[in-house]
Amino acid sequence: MGKDIMVLQNNNVQIKYTTTDLNLIITSGRKKWRYDKSYNPYMEIKVNDENKKINFQGAQNISHTEYKTGLGEGIKSTYSDFIIEGQQLNIAFETLVWIDNTYGDVHFEFIPIREMKGTIKKVVWPGPFEFNKTGSDNYTVVPMMQGCIIPTDWKEKVEHIDDGRYYSRDAYMPWFGQIEEGKGYIAIAETPWDGGYDLDHEGTGHTYIAPYWEPSLGCISYNRKIVYRFLDECDYNTLCKIYREYIKQKGKFITLEEKNIRNANVAKLIGSPIIHTNIFTHIVEDSIYYDKENPDNNDQLTTFGTRTEQLKKLKEMGVDKAYVHLDGWGKMGYDNQHPDVLPPCEKAGGYKGMKELSDTCKSLDYIFATHDNYRDYYFDAETFDENQAVLNENGNVDMEATWAGGKQTYLCTTFAPYYVKRNFELLKNNGIELKGSYIDVFSVVELDECFHEEHKMSKKDCMDKRIECFKYVSSEGILTSSEEGCDWAIPHMNLVHHAPHALYPNIDTGRSRGIPVPLLNLVYHECIIIPWTLSKGGWGIPVPQDGFLYALLNGGVGYLSIEADKEEIERNKIVCQLSDRVAMCEMVSHEFLDETCNKQKTVFSDGTFVEVDFDNDQYKIGNL
């Protein structure tokens with residue numbers, strides 16, 4: 001080999017690293033994975049208030065050394081002293097690529113040495129592999145919402161939803177992978193809080209995907225790590241099971257069976273339909289939803305007493321158990337004046353009416369749960385204090401007026417556990433017995449960071465504080481839930497309110513981004529309850545497919561209207577009976593039974609299988 005090529009060989013993996021152009025070729029078995037020719041490792045930086053792109057090769061000083069420990073061996077590269085537009089940047093960092101002795105995994109680490117705060121905005125490293133072979137067995141695997149695979153020859157452009165960030169709708173789970181003719185890899189971000197992936201699929205016969213890293217509180221701050229495992233025989237099921245094992249090794253795989261030991265209400269939740277209902281909606285003039293043409297539409301009220309009677313009727317109609325999720329119960333209704341939502345809406349019956357509803361649910365053997373929010377921070381909240389709001393990097397408090405309550409900013413999550421405890425204790429002291437709680441947006445919106453000197457908070461700090469809120473609620477014997485299935489939250493929740501498929505180009509058109517596959521359930525099925533809308537065209541359901549069949553395929557539960565008729569109740573029972581049977585079982589596999597991908601099959605660890613036919617709206621449930 002020439003002097004500009006360094007070679008590593010460990011287990012069944014070989015790495016050739018070209019030091020002149022920083023190109024990388026990884027050989028696993030008989031498959032070579034090489035950086036795409038258009039890629040050069042680079043950073044996006046901010047200089048003189050302008051964003052610039054600078055390649056690693058732009059460093060004035062670069063060196064490469066061999067690296068060897070008892071864990072493995074690799075190549076460490078050091079970069080320092082960048083000059084851009086005549087300005088010297090006091091930036092230095094290292095990259096480390098090494099193969100471990102245990103699994104033959106390839107580890108990539110970006111290690112900051114010297115930084116200029118606020119300068120580095122993004123690091124794109126390691127790079128995307130060449131990936132342009134066509135055919136049905138060549139595809140990229142992305143945990144975008146419930147999950148999808150993107151065949152190389154998928155004809156439509158596939159775009160990010162949330163800039164590719166991990167722990168968002170772009171990546172409920174912080175990993176991705178690619179399969180080429182049965183050979184593939186999975187890339188797992190080990191430091192996911194300030195990272196994501198860049199995706200380039202234009203519908204022209206290639207898919208490039210690569211990790212990126214963003215600063216934490218203005219600096220890269222800590223080592224960024226991602227690990228790749230290369231496989232000679234695999235499909236998307238295989239990648240899910242590798243990640244599942246990874247999570248188990250981290251101690252973050254907590255099953256419903258384990259959760260039920262801590263809270264016996266988990267057993268009641270399994271097989272229960274989800275009744276999602278509302279008390280009061282009040283839309284203020286500042287909200288984008290305010291109806292100027294029909295102002296009477298901006299206020300809708302249903303009393304606690306009315307909801308109580310509707311639930312009694314459902315019981316009479318044969319709904320033996322249910323999880324009742326109550327929106328808009330606060331003093332000014334849904335999405336208003338958080339976190340100061342107490343006392344309950346007086347026009348709907350106040351504490352007395354809400355207690356009657358809570359007590360009725362208990363007598364009916366229904367789980368009573370409330371919607372709550374400890375991120376959206378409304379300017380007209382009684383105790384609003386701008387000093388407790390998230391302060392952005394520019395020293396400002398962000399403001400929006402999207403939801404019903406109008407002008408709001410974001411509560412710094414360092415304060416959220418205190419407000420949760422304050423409100424839950426007030427409800428308890430007034431006789432409201434909660435069995436479930438939904439803390440809105442925590443498990444779907446990006447992790448926040450706050451630059452306020454008195455309560456500075458990184459994204460990882462934010463995650464830890466959100467977890468603290470879930471843990472407090474759980475300690476009170478209350479079932480925990482939030483919006484979607486970001487996996488940092490799954491060990492601390494019993495229910496999410498949806499984990500649907502990503503539609504293209506937005507959630508309203510009904511066309512899926514790539515081919516939907518249940519990646520989340522292949523990893524976490526027996527850890528979390530996921531409900532589905534049991535209709536065609538439901539949220540996150542590709543048109544014209546039926547959410548009823550998706551619920552069966554995934555072994556989930558269904559949403560049930562509080563005014564459901566007999567037909568809706570019977571349809572829901574079919575779904576819930578299957579969930580009762582398989583909720584605590586692993587989803588072992590998913591497969592397509594024909595080339596159209598409209599006939600599909602899942603298998604669960606107790607031997608139950610479900611086959612669905614989306615073309616003919618048919619299903620079959622059986623045992624292997």
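Numbers for residues simply follow the sequence, beginning at 1.
- Applying the salt bridge (charged side-chain N to carboxylate O under 4.0 Å, His left out) criterion to D613, with sequence neighbours excluded, gives K599.
- For NZ of K620, the number of neighbouring non-hydrogen atoms (other residues, nucleotides, ligands) closer than 6.0 Å is 12 at most.
- Under the rule for a salt bridge (charged side-chain N to carboxylate O under 4.0 Å, His left out), the partners of R466 that lie at least two apart in sequence or sit in another chain are D448.
- Annotation: cation-pi pair R224/Y222 present, NZ/CZ under 6.0 Å from the ring centroid and within 45° of its normal.
- With sequence neighbours excluded, the residues satisfying side chain to side chain contact (heavy atoms under 4.5 Å, CB included) with D461 are M457, S458.
- Considering every non-hydrogen atom in both C361 and V324, the closest pair reads SG-CG2, 4.2 Å.
- Proximity of Y139 to D235: side-chain heavy atoms (C-beta onward) are separated by under 4.5 Å at one or more points.
- Between D320 and Y366, the closest heavy-atom pair is O-CE2, 3.7 Å.
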Side chain to side chain donor-acceptor pair (under 3.5 Å) between Y438 and D327, worked out: CA-CA 10 Å; Y438 171 91; D327 285 334; over 6 Å; no

Candidate pair E468 and K471, rule salt bridge (Lys or Arg N to Asp or Glu O under 4.0 Å), full reasoning: CA-CA 5 Å; E468 187 177 330; K471 285 184 174 180; over 6 Å; no

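- Here the closest heavy-atom approach between residue M144 and residue Y197 is recorded as CE-OH, 3.6 Å.
- Inter-residue side-chain proximity for Y228 and P211 is flagged as met; some heavy-atom pair is nearer than 4.5 Å.
- At a cut-off of 3.5 Å, with distance as the only test, no side-chain donor of H371 or N373 sits close to an acceptor on the other residue.
- Side-chain contact between Y378 and N336 is absent, with no heavy atoms from C-beta onward closer than 4.5 Å.
- Nearest heavy-atom pair across I478 and S437 is CG2-N, 3.6 Å.
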Test log, rule side chain to side chain contact (heavy atoms under 4.5 Å, CB included), inputs V341 and W329: CA-CA 8 Å; V341 294; W329 55 272; 3.8 Å; yes

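- P542 approaches S512 most closely through the heavy-atom pair CG-CB, 4.1 Å.
- Judged by distance alone, the side chains of S474 and R262 never bring a donor and an acceptor atom under 3.5 Å apart.
- Using modelled atom types and a 3.5 Å distance limit, the side chains of E446 and Y167 yield no donor-acceptor pair.
- The shortest side-chain heavy-atom distance between I275 and L311 falls under the 4.5 Å cut-off.
- When only modelled atom types and interatomic distance are considered, S443 and E483 share no side-chain donor-acceptor pair under 3.5 Å.
- With sequence neighbours excluded, no residue satisfies side chain to side chain donor-acceptor pair (under 3.5 Å) with E570.
- Neither side chain, T370 nor D372, offers a donor N or O lying under 3.5 Å from an acceptor on the other.
- Qualifying salt bridge (charged side-chain N to carboxylate O under 4.0 Å, His left out) partners for K252, counting only residues two or more places apart in sequence or in other chains: none.
- Checked by atom type and distance alone, the side chain of N278 pairs as donor or acceptor with a backbone atom of G328 at under 3.5 Å.
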Steps toward side chain to side chain donor-acceptor pair (under 3.5 Å) verdict (D487, Y524): CA-CA 9 Å; D487 83 338; Y524 282 114; 2.9 Å; yes

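- By the 4.5 Å heavy-atom criterion applied to side chains, I186 and V141 are not counted as neighbours.
- Cation-pi geometry between K460 and W193 is met: the NZ or CZ atom falls under 6.0 Å from the ring centre, inside 45° of the normal.
- For the residue pair N237 and H590, no side-chain donor N or O sits within less than 3.5 Å of a side-chain acceptor on the partner.
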Stepwise side chain to side chain contact (heavy atoms under 4.5 Å, CB included) check, M145 with E484: CA-CA 8 Å; M145 301 179 73; E484 297 185 33; 3.8 Å; yes

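- Taking the side chain as every heavy atom from C-beta outward, L495 and L479 never approach each other to under 4.5 Å.
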Donor-acceptor pairs under 3.5 Å, side chain of residues 548-565 to any protein atom, not counting sequence neighbours: which ones?
{"unit_1": "Y550", "atom_1": "OH", "unit_2": "Q545", "atom_2": "OE1", "d": "2.5"}
{"unit_1": "N554", "atom_1": "OD1", "unit_2": "N521", "atom_2": "ND2", "d": "2.8"}
{"unit_1": "N554", "atom_1": "ND2", "unit_2": "Y550", "atom_2": "O", "d": "2.8"}
{"unit_1": "Y559", "atom_1": "OH", "unit_2": "H497", "atom_2": "O", "d": "2.4"}
{"unit_1": "Y559", "atom_1": "OH", "unit_2": "H497", "atom_2": "ND1", "d": "3.4"}
{"unit_1": "S561", "atom_1": "OG", "unit_2": "E563", "atom_2": "N", "d": "3.0"}
{"unit_1": "D565", "atom_1": "OD1", "unit_2": "E567", "atom_2": "N", "d": "3.3"}
{"unit_1": "D565", "atom_1": "OD1", "unit_2": "E568", "atom_2": "N", "d": "2.9"}

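- Proximity of C469 to I439: side-chain heavy atoms (C-beta onward) are separated by under 4.5 Å at one or more points.
- Smallest separation of non-hydrogen atoms from N223 and T191: O-CG2, 3.6 Å.
- The side-chain heavy atoms of T207 and W154, taken from C-beta on, include no pair separated by under 4.5 Å.
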Worked check of side chain to side chain contact (heavy atoms under 4.5 Å, CB included) between K428 and F424: CA-CA 6 Å; K428 185 166 60 175; F424 277 63; over 6 Å; no

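- K225 NZ: 12 or fewer foreign heavy atoms inside a 6.0 Å radius.
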Residue pair I226, I188: steps toward the side chain to side chain contact (heavy atoms under 4.5 Å, CB included) verdict: CA-CA 6 Å; I226 189 165; I188 301 173; 5.7 Å; no

